[in-house]
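Everything on this sheet refers to the single structure shown next.
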Amino acid sequence: MEPIRRVAISTGGGDAPGLNAVIRSVTLAARNREWDVVGIRDGFNGLLFPEDYGGDGLIELTRERVRGISHLGGTIIGSTNKGNPTAYPVQQSDGSWLEVDRTHELLARFDDAGIDALVTVGGDGSLTIGHHLHRHGLRVVGVPKTIDNDLDKTTETFGFDTAVQFATDCIDRLFSTATSHGRVLVVEVMGRYAGWIALHSGMAAGAHCILIPEIPYSLDPIAATIKQREERGAKFSIVVVAEGAVPVDGQVSTIGKSIGQAVQLGGVGAKVAAELELLTGKEARTVVLGHLLRGGSPTSLDRLLGLRFGAAAVRALEEGHDGVMVALDPPNVTYVPLEEATNRLKSVPADCDTILTARDLGINFGDRMP
Ligand code: F6P
């Protein structure tokens with residue numbers, strides 16, 4: 001294998017607190033090996049469309065550039081969740097859209113920029129693209145990222161802890177106002193395919209009902225739980241619902257779809273609240289936490305995980321690994337083939353001890369009468 005002289009970092013998909021810690025860690029670990037480091041702006045757009053960035057879509061990542069960034073939310077090199085380079089949407093003269101494979105164009109740009117290896121930081125989509133580029137000859141190491149914590153082969157992704165902590169704080173606050181007014185408060189959180197955020201924050205904050213994508217729900221058990229609480233003297237209830245929760249015999253709640261992007265989820269919280277009003281006769285309100293969960297300063301746990309993942313990615317490259325993802329397997333960070341890591345998502349097992357604990361506490365998931 002050729003020695004590495006120049007490495008690129010790309011951050012793709014929805015951002016997550018901890019991305020800047022990864023960027024800092026990759027940069028320092030690489031520079032301490034005398035490698036150059038560049039950040040590709042906005043996923044791969046900086047390489048594909050340099051003209052959109054005044055002719056240069058790469059950011060030279062120096063020690064100075066990454067100084068004091070670990071505690072910052074977002075990503076200093078930008079991200080995008082549209083325009084997968086393997087299926088890039090291009091508008092045709094008749095107004096229709098065609099998905100064009102720009103793999104070879106992108107690989108040529110890596111070559112032109114003298115980039116020997118890529119550290120791609122992303123969720124399922126970006127890691128699948130990374131795997132694709134690896135199969136086409138690019139040296140690639142992936143770093144798993146998503147607040148949803150739904151990536152397989154790593155026990156945790158950075159961003160998750162920050163999202164759970166923030167959601168927990170919000171639900172704590174909603175308790176007092178729900179109590180004052182004797183209302184039902186439905187809190188919608190992110191979680192497209194997996195209910196980890198809803199489950200962990202809901203349990204930590206003491207929610208009474210939690211709806212997650214892994215357990216199709218009916219609202220009769222939720223209404224019965226609310227009425228049972230009322231009979232026991234608790235006039236308020238808190239229901240946490242993941243955006244991807246699906247009613248039995250129903251569909252996931254969507255807002256719409258933009259070209260080149262995954263379908264936008266949303267609206268389940270409002271639907272649940274409206275139906276619960278009818279079923280219980282109680283006033284119900286909805287709070288959507290949405291992108292608030294992706295913002296803000298990462299917790300120390302997420303900063304540390306980002307730093308560990310970034311340095312491990314550089315060590316992986318130095319040790320000659322290629323086509324792997326760094327992964328948390330406590331107490332270590334290990335390397336797993338990208339192919340395995342992107343094979344399936346990590347959803348909440350219906351029989352995991354967290355779910356069993358929740359059931360023991362009387363939390364209703366909308367699948368059983370209380
Ligand atoms: O990062 C994953 C995620 O948080 C999903 O839970 C959610 O559906 C998606 O991002 C929303 O992303 P955006 O609004 O940026 O398209």
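Whatever order the structure lists ligands and atoms in, that order sets their numbers, starting from 1. FYI, the numbering just counts along the sequence from 1.
Within the set Q264, M190, H291, R294, the minimum heavy-atom distance to atom 12 (O) of ligand 1 is found for R294.
Of the protein's non-hydrogen atoms, the one nearest atom 7 (C) of ligand 1 is E243 OE2, 3.1 Å. With respect to atom 13 (P) of ligand 1, the closest heavy atom belonging to the protein is N81 ND2, 3.4 Å. Among protein heavy atoms, the minimum distance from atom 2 (C) of ligand 1 is reached at D148 OD2, 3.5 Å.
Heavy atoms from other residues, nucleotides or ligands lying under 6.0 Å from CG of D249 number 12 at most.
Under 3.5 Å, the side chains of T299 and D161 contain a donor-acceptor pair of N or O atoms. D42 and Y53 form a side-chain donor-acceptor contact under 3.5 Å, judged by distance and modelled atom types alone.
Ring geometry for H200 versus W196: interplanar angle over 60°, hence perpendicular rather than tilted (30 to 60°).
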